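Note sheet for the following structure.
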Amino acid sequence: MSHEAPAPISNFIRQVIDADLASGKHASIVTRFPPEPNGYLHVGHAKSICLNFGLAEDYTGLCNLRMDDTNPEKEEDEYIAAIQEDVQWLGYQWQGEVRYASNYFDQLYAYAEELIVAGKAYVDDLTPEEMRQYRGNLNEPGKESPYRSRTPDENLTLFRQMRDGAFADGSKTLRVKIDMASGNINLRDPVIYRIRRATHHQTGDKWCIYPMYDYTHCISDALEGITHSLCTLEFEDHRPLYDWVLNNITIPAHPQQIEFSRLELLSVVTSKRKLRQLVEEHLVTGWDDPRMPTISGMRRRGYSPEGIRLFAQRAGVSKTPNVVDFASLEGAVRETLEEASPRVIAVLDPIKVTLTNFEPGVTGSRSAPFHPHHEEWGEREIPLAREIYIEREDFAEVPPPKWQRLTPGGEVRLRYSYVIKCDEVIKDSAGMVVELKCSLDKDTLGQNPVGRKVKGVIHWISAEHAIEAEVRMYDRLFTVARPDAVRGDDGEYVDFKQFMNPASLTVITGYVEPVVRDAAPETRYQFERLGYFVTDRKDHVAGGKPVFNRTVTLKDTWATQGQA
RNA sequence: AGGGGAGUCGCCAAGUUGGUUAAGGCAUCGGAUUUUGAUUCCGACAUGCGAAGGUUCGAAUCCUUCUUCCCCUGCCA
């Protein structure tokens, strides 16, 4: 794991680490990425992954991958496998084996008995409804449960019976005794164990009681020797509980929880619930649909791991709302692809052009480099023929001001080939341009025409040499910046699915150079002047009809300046 | 009877032990180079740090008051 390492930008977490290392509190750091395996990882998780693994790399520390699997009803093996694949694809490797919070169920149980014996935890018989009432609310203190005064012996007996299956699901809980009057509701005797007869993907039917997040997470961190436990802002209120648990059991380590703001991307949704909805209602083809902001979706779209890492680095780490424009992600991806992608020519929306003075064997072709700055990548021949295709949008009967492409009677350079002049426009009965008759200037191969300037350069492909490819043109999934935060006239949130972009996917047949036919799945190219494209991870078969996904377009000053 | 956070350029974000003209990136706008309107390269872009007072030779940094926004009332994580 050695990535290009620009000088790290200071942030408040690095400052804490620097201080802890300087003071000798820690000799090195250990972080962890702790997803719950109940869904696919998305771009927000990518930030957390880059932060935790990136810090470990920068400080030559370690980073664990831990499945936070304390709720057997919501978690599945499918997600566990996908999470590992995503992390590795992003370019990171965890220390040792994958960890599971469920690995620690025995120890968690033992610590619970310790709390009971110390009189710091009790078995409660309150129903969920009663517990809610006893908890109070934001403006009123809670009141103590009538079961709070049970003796340690009684609690221990009851808790063991809970473990042994003597009670019905949900009939009892184990609570920790803190302060029902605390302003912090998390401290009003939080539940740390509940009874749930569910088969756990790791521990099977061994347990019918399962520990809660707040109780599990801090102990898991401590057991793994985590030094800095990074999480998002909504857990700030939980830190006192994190610390309380570790302070009240016999455990040698006490990691420091530090909270940072969660990443939000404009014009996407990142809540697991909403993403799941898109998948389950078949509004996308799956978790890895290239329009999804999931890591697997971005991968299939053609985003590079380097680009996502660059994006995460640029987004930064702070406690202020980290709402980043989608263009920032695309920009970072583009930036990494520019350097790394071979160039190839494709025409996606063709107009036929007949070169009237083409002479086989006389008017030849040139070879073209795969990358303007990488000679070592070599070249390939680009054959010219009497009939070629050019892009429909590169021709205008009535050109707007500053137009640099083809017009009736106008000239344009064919990339890597001759300058041509449009002599005749042929239309069908509906007025649609179906063919252009052009003549080429034989003195312009590899040199500029004399006596005049031809500024425009367009791409093209020989009709007889081109091969067909399925090309999936992706665009944003939503048409508004914050699809999940739009309120209607009644003040209620409008269903985010109302804002789905009907044009988020257009499948077309395009013409590409034959060299791409044998490309393996997940091979990236730049189609010159069009954008970056990748052979589909699932549907492209080397040697067959190519299937490409448009990753992102090239930056287009012409289009963005509101011309055309 | 509430508790916990945050406000520095359109978007991120350095800066915090008070000290020259408030980093950097994204975006944007100019211009140069270019057989990709791409890339690359130059240049522009906060008399201003949520607001108002105050301390000081000097304040984004310290003090006071005010204000706006976010999170918390699962036997979810």
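Labels below follow one simple rule: chain letters A, B, ... track the order of the sequence lines, proteins then strands, and each chain is numbered from 1. Fair warning: this is a prediction, and the values are worked out from it, not measured in the lab. Heavy atoms only: backbone and side chains are in, while hydrogens, waters and symmetry mates are out.
The base of B/U36 has none of its N or O atoms less than 3.5 Å from a complementary donor or acceptor on the side chain of A/Arg529.
Heavy atoms of A/Gly331 sit nowhere under 4.0 angstrom from any nucleic acid atom. Using a 4.0 Å heavy-atom criterion, one finds that A/Asp124 contacts no nucleic acid atom at all. Nucleic acid contact for A/Val419: none, since no nucleic acid atom lies under 4.0 Å from a heavy atom of the residue. Residue A/Gly446 is in base contact, counting any heavy-atom pair closer than 4.0 Å across all strands shown. At the heavy-atom level, A/Met131 lies under 4.0 Å from base atoms of the strands shown. A/His373 comes within contact range of at least one nucleobase, with a heavy-atom separation under 4.0 Å. Nucleic acid contact for A/Arg405: base, since at least one base atom lies under 4.0 Å from a heavy atom of the residue. Using a 4.0 Å heavy-atom criterion, one finds that A/His459 contacts no nucleic acid atom at all. Residue A/Ala181 is in base contact, counting any heavy-atom pair closer than 4.0 Å across all strands shown. A/Ser417 comes within 4.0 angstrom of a nucleotide base, judged by non-hydrogen atoms across all strands. At a threshold of 4.0 angstrom between heavy atoms, the contacts of A/Glu73 with the nucleic acid are absent. Using a 4.0 Å heavy-atom distance criterion, A/Arg239 is classed as making no nucleic acid contact.
When the P atom is compared between B/G10 and B/G4, the two are found 32 Å apart, to the nearest whole Å.
As the counterpart of B/A77, no nucleotide is assigned, since no Watson-Crick or G-U wobble pattern has both distances under 3.5 Å. Using the Watson-Crick or G-U wobble rule with both distances under 3.5 Å, B/A46 pairs with nothing in any strand shown.
For A/Trp403, taking side-chain heavy atoms from C-beta onward, the closest of the listed nucleotides B/G37, B/C75, B/C12 is B/G37. Set against B/U36, B/C75, B/G7, the side chain of A/Thr320 has B/G7 as its closest nucleotide.
Between A/Ser10 and B/G15 there is a side-chain polar atom (N or O) within less than 4.0 angstrom of OP1 or OP2. Within the structure, every side-chain polar atom (N or O) of A/Arg66 is placed at least 4.0 Å from both OP1 and OP2 of B/A77.
Geometrically, A/Arg194 does not engage A/Tyr210 in a cation-pi contact, judged by NZ or CZ lying under 6.0 Å from the ring centre and within 45° of the ring axis.
Aromatic ring centres of A/Phe548 and A/Phe527: separated by under 6.0 Å.
By the criterion of a centre-to-centre distance under 5.5 Å and near-parallel planes under 30°, the ring of A/Trp558 forms a stack with the base of B/G37.
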